[in-house]
Amino acid sequence: MAYSEKLLDHYENPRNVGSFDKNDPKIATGMVGAPACGDVMKLQLKINDAGVIEDAKFKTYGCGSAIASSSLVTEWVKGKSLDEAGAITNRDIADELALPPVKIHCSILAEDAIKAAIDDYKAKS
Amino acid sequence: MNYFELFAIAQGFEVNLVELKHKYLELQRAVHPDKFANASERERLLAVQKAAQINDAFDVLKASDTRAQYLLELAGIELAHETQTLKDPMFLMQQMELREALEDITSASDPEQALISFQDEISGFIKEINGQFVELFAKNDQMSLGKAADLVRKLKFMLKLADEALRIEEKVFAF
């Protein structure tokens, strides 16, 4: 199976790997898992007082497509408002990385991680 | 005929794997192509189809997660092709921690011991999930079956961890 260059780049040089302190009130944490493959993804957003995402970090235990999807998302959400970030769909992610059909669930995981992080932030504030 | 009936074993989560394997080999022998060398083309084709069905059944019944999933499917709950994500934060936090712990094992002062205790911990979780599954599945009402389906989803994460621990075992115990 041929993977796209963008996908391989994100997989080989993942951006923004790591963690923030989840107890910090400015940090939103989204955790999701895909039962079909056992992948687990943690996405954390650092949100400023204006409600803009200043920084993002992720930690993903899963296949290359799941790692690339979460890496891409950390780049995309930076500078976005929560509403803008929440509008990112798995389709956007899958198209950007040219994910093969069997890996679409990895992009769903990344989309749901953003939504879970936003929910966490709303529950906190 | 469902897979349990095909293997002539009791329909349920608890399966004797030795007996299952034995029945599998017995069934496969009965449809072996050698036995159909002089049969009609139709009979040969049927034997090939039967052999494929026996293989599918064995694959599903031999692993606890696919077996549990199949039992739920027979009860009307489809789990096989779902793309829905799991959002239970407590469980996922634990999964993250377990995966981090697994990552650290190769650099532990005594990796062999660390791996053994890790594997014990995972088997403990798997046993617990299996026990709860049997209990909920036996209740056979929609709410219990829904909870049983959630347990199967969690079981898949635990089995994945057990698999990865096994892969690390090859590294840790390599000479």
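Chain A is the first sequence line, chain B the second, and so forth, proteins listed ahead of strands; every chain is numbered from 1.
For M158(B), no part sits under 4.5 Å from any heavy atom of chain A, backbone or side chain. Residue contact with chain B, scored on non-hydrogen atoms closer than 4.5 Å, is absent for A116(A).
A single hydrophobic cluster is not seen to contain both V32(A) and L99(A); linkage of ILVMFWY side chains at heavy-atom distances under 4.5 Å, directly or through other members, places them apart. Put simply, F20(A) and I114(A) are part of two different groups of oily side chains (I, L, V, M, F, W, Y) that touch within less than 4.5 Å, one to the next. Linking ILVMFWY residues whenever their side-chain heavy atoms come closer than 4.5 Å, directly or via other members, places L7(A) and V17(A) in the same cluster. I93(A) and M41(A) fall into different hydrophobic clusters, where Ile, Leu, Val, Met, Phe, Trp and Tyr side chains are chained together by heavy-atom contacts under 4.5 Å. In this structure, L166(B) is not a member of the same hydrophobic cluster as L98(B), with clusters built from ILVMFWY side-chain heavy atoms closer than 4.5 Å.
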Would you mind checking chain A against chain B for donor-acceptor pairs under 3.5 Å and listing them?
residue : atom : partner : partner atom : Å
G33(A)  : N    : L86(B)  : O            : 3.0
G33(A)  : O    : L86(B)  : N            : 2.7
C37(A)  : O    : K160(B) : NZ           : 3.0
G38(A)  : O    : R99(B)  : NH1          : 3.1
G38(A)  : O    : R99(B)  : NH2          : 3.2
D39(A)  : OD1  : K160(B) : NZ           : 3.3
K59(A)  : NZ   : E100(B) : OE2          : 3.2
Y61(A)  : OH   : E103(B) : OE1          : 3.0
D112(A) : OD2  : T85(B)  : OG1          : 2.6

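I67(A) and P14(A) make their closest contact through CG2-CB, 4.2 Å (heavy atoms, listed as atom of the first residue, atom of the second, distance). Here the shortest heavy-atom pairing between A117(A) and L45(A) reads CB-CD1, 3.9 Å.
Residues of residues 71-82 of chain A lying under 4.5 angstrom from chain B, judged on non-hydrogen atoms, do not exist.
Most heavy-atom pairs under 4.5 Å with chain B, from the set A113(A), G30(A), C37(A): that is C37(A).
The CG atom of D55(A) sits 11.0 Å away from atom CD1 of I47(A), with the distance rounded to the nearest 0.5 Å. To the nearest 0.5 Å, atoms CD1 (I105(B)) and CG (L115(B)) are separated by 5.0 Å.
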Decide side chain to side chain contact (heavy atoms under 4.5 Å, CB included) for L61(B) and F7(B); before the verdict, give the C-alpha distance in whole Å, the side-chain angles of both, and the deciding distance to 0.1 Å.
-> CA-CA 10 Å; L61(B) 295 183; F7(B) 276 78; 4.1 Å; yes

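Checked against the 6.0 Å centroid criterion, the rings of Y3(A) and Y11(A) do not qualify as a close aromatic pair.
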